[in-house]
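Values below: all heavy atoms of this structure, side chains included; hydrogens, waters and symmetry mates excluded. The shown structure was predicted, so the numbers you read here are calculated from the model rather than taken from an experiment.
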Amino acid sequence: MFEFVWHLGSFILALGILVTVHEYGHFWVARKAGVKVLRFSIGFGKPLVRWHDKYGTEYVLAMIPLGGYVKMLDERVDDVPQEQKHLSFNSKSVYWRIAIVSAGPLANFLFAIFALSLMYVIGVQSVKPIVGDVTEQSRAEAAGLQAGEQLLTIDGKQTQDWQEVTLALMQHLGDDEVNVKVQAESGSQAVRTLNLQGWTLQQRDESPLTSIGIKPYRPDATLTLAMVAPDSPAHSAGLKKGDVLVSVEGELIKSWQALVNRIERSAGQALNFYVMRGAQGLDVTITPANKPTEDGFSRGYLGVVPVVEPWPEEAISTRSYNVIDAAGLGVAKTWQMISLSFEMIANLVTGQVSIKNISGPVGIAVGAGTSVSYGFVAFLSFLALISVSLGVFNLLPLPVLDGGHLMYYVIELIRKKPVSEKTQEIGFRIGAMLLLALTAFALLNDIARL
């Protein structure tokens, strides 16, 4: 219950910040253009709080925190007195209307630059991209990547953590190959060439690293239990936090991964464990439960989490920058995310990335809650990512989104006259149906992840 409330609260906080930024972009430029703003609303539905400023604009905080809007004076919607017609949105030039509509996504991009710049000023602690293992018969193995090697650059671009590695790899989706510069534990450097021909992401939430065959280095998991999930097979059998798993069916457990492999292939089979609880040895019988997988098979699970050894100092990097350098990095990182977002949309259309990877509000809520629990810097990084995604999404040429309005205004510039209201109305209906279908599909993906 606490986890649900935490994720929900983090989701409302994150979305509230980003929607406010987006709508304020529209609001600020509308005011500069001389358009009268009637309402600035964060959320939909019944107003919880409302107030007015000296210009007559109503500010609303509404019950449903899934968006917001700026309502402007518009002759196409309201009866506008003659003396106020010059204050209406539709009376402004097409260039001003383009500026007002574009301001929302632009505000999201500027906020991402601010959030990332602040993050770099505060300092970023991250895990160096050191290979822990390489999957057999994978692209990584064919390229000659080896455990212990650190990925220094991808296509000449420096990669200081796994997020940067992932972003760099995704930018080469559809390419034939990419060069990866690595450094071995001995300090020697080499260039590996990854063959990317035919590389796609078709599984739900499939990591680019996993699909290529790279397993990031992580400290070893011990056989001491850090957590036992409620209502799990391990909990039902009486296992507790701090217990040490010694053997299963009379065989010493050599590693946590060896135990995982044994459990996954033993669904529904009673297994005898020898467990140390302090100085006391216990014999415990546990039957791993059956957990279906996406590929139609199933695997066993106990419902336990191990204590993990601490990260070695040489695997962690801490970076902080002055304000100017941080701002430059913020701009570069934001541009990279914007470019990658449009590339991913194109890859979704061409089928190189499965639509199963689309996330909805539930996925965003989980991401928000997780990032908040990791601290302020992680939350800033999450806000920047979602802000860019929100900006790019609103630029899609669907008539109900900012991109749809921009599409109509571009057509107006070309034709030298506005698109007819009937055509716009039909477009809005089609766009609304497509947006509803996309939202429903994203929610189904979220539910499938639970």
* Nearest 0.5 Å please: distance from the CZ atom of Arg192 over to the NZ atom of Lys181. => 13.0 Å

* Which heavy atom of Ala112 sits nearest a heavy atom of Ser387, and at what distance? -> N-OG, 4.2 Å

* Any side-chain donor near an acceptor of the partner, Asp74 and Ser88, under 3.5 Å -> no

* Asked: Any side-chain heavy atom of Ser381 within less than 4.5 Å of one from Met119?
  -> yes

* Asked: Judged by atom type as modelled, is there a donor-acceptor pair below 3.5 Å linking the side chain of Lys128 to the main-chain atoms of Ser317?
  -> no

* To do: May I have the step-by-step check of side chain to side chain contact (heavy atoms under 4.5 Å, CB included) for Leu380 and Ile122, ending in yes or no?
  => CA-CA 11 Å; Leu380 283 175; Ile122 294 172; 4.1 Å; yes

* Heavy atoms of other groups near Glu83 CD, more than 12 under 6.0 Å -> yes

* Structure fact -> Closest non-hydrogen atoms of Ser41 and Ala62, given as atom of the first, atom of the second and distance, are OG-CB, 4.3 Å

* Could you tell me how the ring of Phe379 sits relative to the ring of Phe382: parallel (under 30°), tilted (30 to 60°) or perpendicular (over 60°)? => parallel

* Taking Glu412 for the side chain and Tyr408 for the main chain, is one N or O donor matched with an acceptor at less than 3.5 Å? -> no

* With distance as the sole test, does Lys92 use its side chain to make a donor-acceptor pair with the main-chain N or O of His86 at under 3.5 Å? -> yes

* To do: Locate the shortest heavy-atom distance separating Val388 from Thr334; write the atom from each residue and the value.
  => CG2-CG2, 4.0 Å

* Verdict with supporting geometry, Phe27 and Tyr24, ring pair (Phe, Tyr, Trp, His ring centres under 6.0 Å) -> CA-CA 5 Å; Phe27 171 84; Tyr24 185 77; 5.8 Å; yes

* To do: Evaluate whether atom NZ of Lys32 has more than 12 neighbouring non-hydrogen atoms of other residues, nucleotides or ligands under 6.0 angstrom away.
  => no

* To do: Decide yes or no for Ile212 and Leu196: does some side-chain heavy atom of the first lie under 4.5 Å from some side-chain heavy atom of the second?
  => yes

* Rounded to the nearest 0.5 Å, how far apart are CG of Leu406 and CD1 of Ile411? -> 11.0 Å

* **Closest non-hydrogen atom pair between Ser211 and Pro208, with its separation** => OG-O, 2.9 Å

* Asked: With a 4.5 Å heavy-atom cut-off, do Trp162 and Ile214 have their side chains touching?
  -> yes

* Are side-chain heavy atoms of Val392 and Phe342 found at a separation under 4.5 Å? -> yes

* Return the minimal non-hydrogen interatomic distance between Leu116 and Met337, and the atom names on each side. => CD1-CE, 3.7 Å

* Asked: When rounded to the nearest 0.5 angstrom, what distance separates CZ in Arg76 from CD in Glu425?
  -> 12.5 Å

* What's the verdict on side chain to side chain contact (heavy atoms under 4.5 Å, CB included) for Glu343 and Leu173, showing C-alpha distance, side-chain angles and the deciding distance? -> CA-CA 9 Å; Glu343 288 173 13; Leu173 191 63; over 6 Å; no

* Separation between CZ of Arg97 and CG of Asn90, rounded to the nearest 0.5 Å -> 7.5 Å

* **Heavy-atom closest contact (Ala33 atom, Ile100 atom, distance)** => CB-CD1, 4.0 Å

* CH2 (Trp256) with more than 12 external heavy atoms under 6.0 Å -> yes

* Step-by-step side chain to side chain contact (heavy atoms under 4.5 Å, CB included) determination, Lys46 to Leu48 -> CA-CA 6 Å; Lys46 182 179 179 181; Leu48 300 175; 5.5 Å; no

* Spell out, as yes or no, whether a donor-acceptor pair under 3.5 Å connects the side chain of Gln84 to the backbone of Pro81. => no

* Asked: Looking only at atom types and distance, does a side-chain atom of Glu149 sit under 3.5 Å from a main-chain N or O of Leu145, one as donor and one as acceptor?
  -> no

* Asked: Under 4.0 Å between a Lys/Arg side-chain N and an Asp/Glu carboxylate O for Lys36 and Asp78?
  -> no

* Does Phe376 reach the side chain of Leu118, with side-chain heavy atoms less than 4.5 Å apart? -> yes

* Does atom CZ of Phe114 have more than 12 heavy-atom neighbours from other groups under 6.0 Å away? -> no

* Answer whether the closest heavy-atom distance between the side chains of Ile316 and Gln125 falls below 4.5 Å. => yes

* Spatial distance of atom OG1 (Thr57) from atom NE2 (His52) [nearest 0.5 Å] -> 8.5 Å

* Validation row: Val308, Arg218 side chains within 4.5 angstrom (heavy atoms) -> no

* What's the verdict on ring pair (Phe, Tyr, Trp, His ring centres under 6.0 Å) for Trp311 and Tyr217, showing C-alpha distance, side-chain angles and the deciding distance? -> CA-CA 10 Å; Trp311 285 91; Tyr217 164 79; 5.8 Å; yes

* Donor-acceptor pair, Thr159 side chain versus Ile154 backbone, under 3.5 Å? -> no

* Can you measure from CD (Gln189) to CD (Gln150) and round to the nearest 0.5 angstrom? => 9.5 Å

* Going by distance alone, is a donor N or O of one side chain under 3.5 Å from an acceptor N or O of the other, for Gln163 and Lys333? -> yes

* Is atom CZ of Arg429 surrounded by more than 12 heavy atoms (other residues, nucleotides or ligands) closer than 6.0 Å? -> no

* Tyr59 versus Asp53, side-chain donor and acceptor atoms under 3.5 Å -> yes

* Asked: Would you say the side chain of Leu395 lies within less than 4.5 Å of the side chain of Phe109, judging by non-hydrogen atoms?
  -> yes

* **Donor-acceptor contact below 3.5 Å, side chain Arg139 vs main chain Asn195** => yes

* Asked: Between Phe393 and Leu401, does a side chain to side chain contact (heavy atoms under 4.5 Å, CB included) hold up when you go through it step by step?
  -> CA-CA 8 Å; Phe393 178 74; Leu401 300 175; 4.0 Å; yes

* **Among Leu106, Val101, Leu396, the one residue meeting side chain to side chain contact (heavy atoms under 4.5 Å, CB included) with Asp402** => Val101

